[in-house]
Amino acid sequence: MGIFVFIALTGIFMALPVVYAISNAFKPFNELWLFPPRFFVRRPTLKNFRDIFIIMSNSWVPFSRYIFNTFFISIAGTAGHVILSSMCAYALAKHKFYGARLIFNIIVLSLMFNATVTAIPNYLIIANLGWIDKFWSLIVPAFAAPLGLYLMKQFMEQMLPDAMLQSARIDGASEWKMFWIIVMPIVKPAWLTLIIFSFQGLWNIGNTVYIYREEMKTLNYALGQIIAGGIARAGVGSAIGVLMMVVPVLIFLLTQSNIITTMSTSGMKE
Amino acid sequence: MSSITTTKKSLALLDNKGEGRINGIIRELKNSRVSYMFIAPYLLLFCLFTMLPVVISMFFSFTYFNILEPPKFVGFDNYIKLFLYDDIFLTAIKNTIVFALVTGPVSYMLSLIFAWIINELTPKIRAFVTLVFYAPSISGNIYLVWTIMFNGDSYGYANGMLLQMGAISEPIQWFHNKEYILPLVIIVALWTSIGTSFLAFIAGLQGVDKSLYEASAIDGAKNRWQELWYITLPSMKPQLMFGAVMSITASFGVGSIVTNLCGFPSTDYAAHTIINHLEDYGAIRFEMGYASSIATILFVVMILTNIIIKRLLSKIGDA
């Protein structure tokens, strides 16, 4: 019984800030500046959400442009990540060839450090490729994120029956054709997991050292600009925060059971 | 392994009898060319954006480099300067260790405990509770709401409540007062840290063979804790390993959350981490050689910590 009280209390602690943000997003201006402050909204209004568009219509770049940029980067980066990681994971999990083990061990090792560590060389590489102020600078590195490959390889190793691949080979199917027609449908839970991980990372990209042109900036960057506009923007800031949160949370909600299935094979050997 | 590749391989070995070893290897590589084509695109990008940068960073750490001029070799100067003359770096190390020692293990244990309790719930409630715990880690900048709750004026929720109760007489500058900065940032970091390892633990617990519990009851397991230590945790050891790697990497990676909550730099560097220090020299002062030596130290520390913790975890259920 005590255990359920504990989970209820921690659950409330986890949920409160989110509930507060949602509540703030619907507060009319006078309720944001009450003393003592009130947690829940009394007379909810959509004004903060409308204000986003009013504030943004005064900016150099139409708001829809930030939305497009963020969707474009997130979708393109995620699609490439899922396809390239799955191809590589398939070969590492189900083919036997020189170097397969070594390559996988190096990728596992790269899970053990944070990307900030390589930020400086990455900047120089991107600059030398001529990708400053190009979406490629954000999209292409996301293709080769190690976590997605790791999860996909573990899943394929344990969930793809060899016998099925075998009989397809005997029927004369090419590896490429098998990959798309047999492998990918079976590992659907894994690529749904890769989608949520990759998408939420890209979706939340804010200010980056690769993009300087205003019309190529992201939604999260625009959010930062509005919040930086001062305390008077607290309501609008919360409204954008809530909008930003909805997309990844919705994707997670729809794919949750698949993610747990994928995680069941995520284990690491000593 | 697919037996068709094995057959191909053994055929190749038969053919090889008369040829040299090198020819055999070349033949082997040729036979696997489809496999190499499958891994090539990913591997190329992985080398370019992950492996190569690690090597370049280590190289730059022994140079003076400001991007405008070519790098100049300076030996161990950067490292000597860091440890002997850079007081802020030492502060950053201290803060990073505090973050790593607190958020890392606490978030790991909480994820495990939450997953363990959630496992007892019915599937529908379980799905909902999972979302509640996991949502903060994927919600991007929503943690900025903490700056509204702990706003420095009396309209902030925390200040408002304390003022009304009469606990304080004037509002507290939560994120700019060096007494509160570190604990507050740790709380917010913990709040966002119930992530990938949490999901892995839920899956790991669901995969434990239920018949093992009955067997252990017959063998005389006395209580739930014994059951947890001897049956549950050993059964999900691979997930525990994976979760540890995720938690360690995340706890050493605390950086942008500090900047977003406290500004840059935080008051008196009270929450300045190695990552913040790295950003300071890399993105603001353009001392790339110096910044690279910071990055290299962080890299080595992360890898070593991971290896040590994995060693420790492999002992679970032994005694």
Side-chain angles (χ1 to χ4, degrees), chain A residues 3 7 11 14-15 17-18 20-21 33 35-37 84-85 87-88 90-91 94-98 110-114 116-122 125 140-141 143-144 149 162 165-166 169 175 200 204 209 220 223 234 241 244-245 248-249 252-253 256 259-260 263-264 266-270, chain B residues 1-2 4-5 28-29 32 34-35 38-39 41-42 45-46 49-50 53-54 56-57 117 127 129 131-133 135-136 138-142 145-146 148-149 154-155 157 160 164 199-200 202-203 207 238-239 241-242 245 249 252-253 255 275 282 288 291-292 295 298-299 302-303 306 310 314:
Chain A
I3 264 175
I7 203 86
M14 295 302 286
V18 175
Y20 188 64
W33 310 110
F35 182 84
L84 295 198
S85 305
M87 280 168 57
C88 183
Y90 172 57
K94 292 293 170 185
H95 292 173
K96 197 174 183 178
F97 57 93
Y98 274 119
S110 75
L111 290 175
M112 298 184 185
F113 57 86
N114 190 285
T116 324
V117 166
T118 55
I120 294 168
N122 266 323
I125 290 168
V140 177
F143 288 176
L149 180 114
D162 283 324
L165 300 176
Q166 195 54 34
R169 278 193 192 106
E175 289 291 320
Q200 68 96 359
N204 289 320
V209 291
N220 203 8
L223 161 73
M244 288 292 294
M245 183 182 75
V249 167
F252 176 70
L253 209 58
Q256 198 191 107
I259 296 175
I260 301 294
M263 286 297 166
S264 68
S266 71
M268 204 175 259
K269 288 193 196 87
E270 290 144 51
Chain B
M1 288 317 124
S2 61
I4 203 128
T5 22
E28 184 86 1
L29 293 177
S32 314
V34 178
S35 308
F38 266 92
I39 65 167
Y42 180 94
L45 296 178
F46 179 78
F49 294 112
T50 304
V54 169
I56 295 179
S57 184
I117 299 171
V129 179
L131 177 70
V132 168
F133 281 94
I138 50 165
S139 301
N141 279 346
I142 199 79
V145 73
W146 287 83
I148 302 177
M149 295 187 355
S154 54
Y155 299 110
Y157 200 72
Q164 227 205 352
L199 300 181
I202 294 178
Q239 268 85 10
M241 293 273 185
F242 173 67
V245 171
T249 310
F252 276 106
I275 299 255
M288 296 307 185
S292 296
L298 189 59
F299 171 80
M302 281 182 176
I303 300 269
N306 267 297
K310 279 175 80 178
S314 68

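In the text below, chain A, chain B and the rest are named by the order of the sequence lines, each starting its count at 1. Worth knowing before you read on, the calculation uses all heavy atoms, side chains too, and leaves out hydrogens, waters and symmetry mates. Keep in mind it's a predicted model, so treat the numbers as computed, not measured.
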Chain B contacts, top residue of A:Leu253, A:Ile125, A:Val18, A:Val249 (heavy-atom pairs, under 4.5 Å): A:Ile125
Looking only at heavy atoms, the pair that brings A:Met263 and B:Ala200 closest together is CB-CA, 3.8 Å
For the student: nearest non-hydrogen atoms of A:Met112 and B:Met302, plus distance: O-CB, 3.4 Å
Evaluate the criterion side chain to side chain contact (heavy atoms under 4.5 Å, CB included) for residue pair A:Asn114 and B:Phe252; output intermediate values, then yes/no. CA-CA 8 Å; A:Asn114 190 285; B:Phe252 276 106; over 6 Å; no
Which atoms of A:Thr116 are under 4.5 Å from chain B, going by heavy atoms: the side chain, the backbone, both sets, or neither? both
Between B:Tyr42 and A:Ser85 the two heavy atoms that sit nearest each other are CE1-OG, 3.7 Å
When the 4.5 angstrom heavy-atom criterion is applied to A:Val209 and chain B, the contacting part is neither
Is A:Tyr98 in contact with chain B via its backbone, its side chain, both, or neither, using a 4.5 Å heavy-atom distance? both
Out of B:Ile56, B:Ile142, B:Asn306, which one racks up the most heavy-atom pairs below 4.5 Å with chain A? B:Asn306
Would you mind telling me which of B:Leu298, B:Val132, B:Ile202, B:Ile117 has the largest number of heavy-atom pairs within less than 4.5 Å of chain A? B:Ile117
Side chain, backbone, both or neither: which part of A:Ile259 has an atom under 4.5 Å from a heavy atom of chain B? side chain
Proximity breakdown for A:Asn204 and chain B, heavy-atom pairs closer than 4.5 Å: side chain
Between B:Ile275, B:Ile138, B:Leu45, which shows the greatest number of heavy-atom pairs under 4.5 Å with chain A? B:Ile138
So CZ of B:Phe133 and CD1 of A:Ile7: to nearest 0.5 Å the spacing works out to 4.0 Å
Looking at side-chain heavy atoms only, is the closest gap between A:His95 and B:Ser32 below 4.5 Å? no
Check whether A:Ile120 gets within reach of chain B through its side chain, its backbone, both or neither, counting any heavy atom under 4.5 Å. side chain
Side-chain contact, heavy-atom cut-off 4.5 Å: B:Pro41 with A:Phe143? no
Of all of B:Val54, B:Val245, B:Ile39, B:Ile303, which one pairs up most often with chain A through heavy atoms under 4.5 Å apart? B:Ile39
Drop me the distance from A:Glu175's CD to B:Ser35's OG, to the nearest 0.5 angstrom. 7.0 Å
Which of B:Pro53, B:Ala127, B:Ser57 touches chain A most, by non-hydrogen pairs under 4.5 Å: B:Pro53
So which of A:Ala15, A:Ser264, A:Cys88, A:Ala119 has the largest heavy-atom pair count under 4.5 angstrom toward chain B? A:Cys88
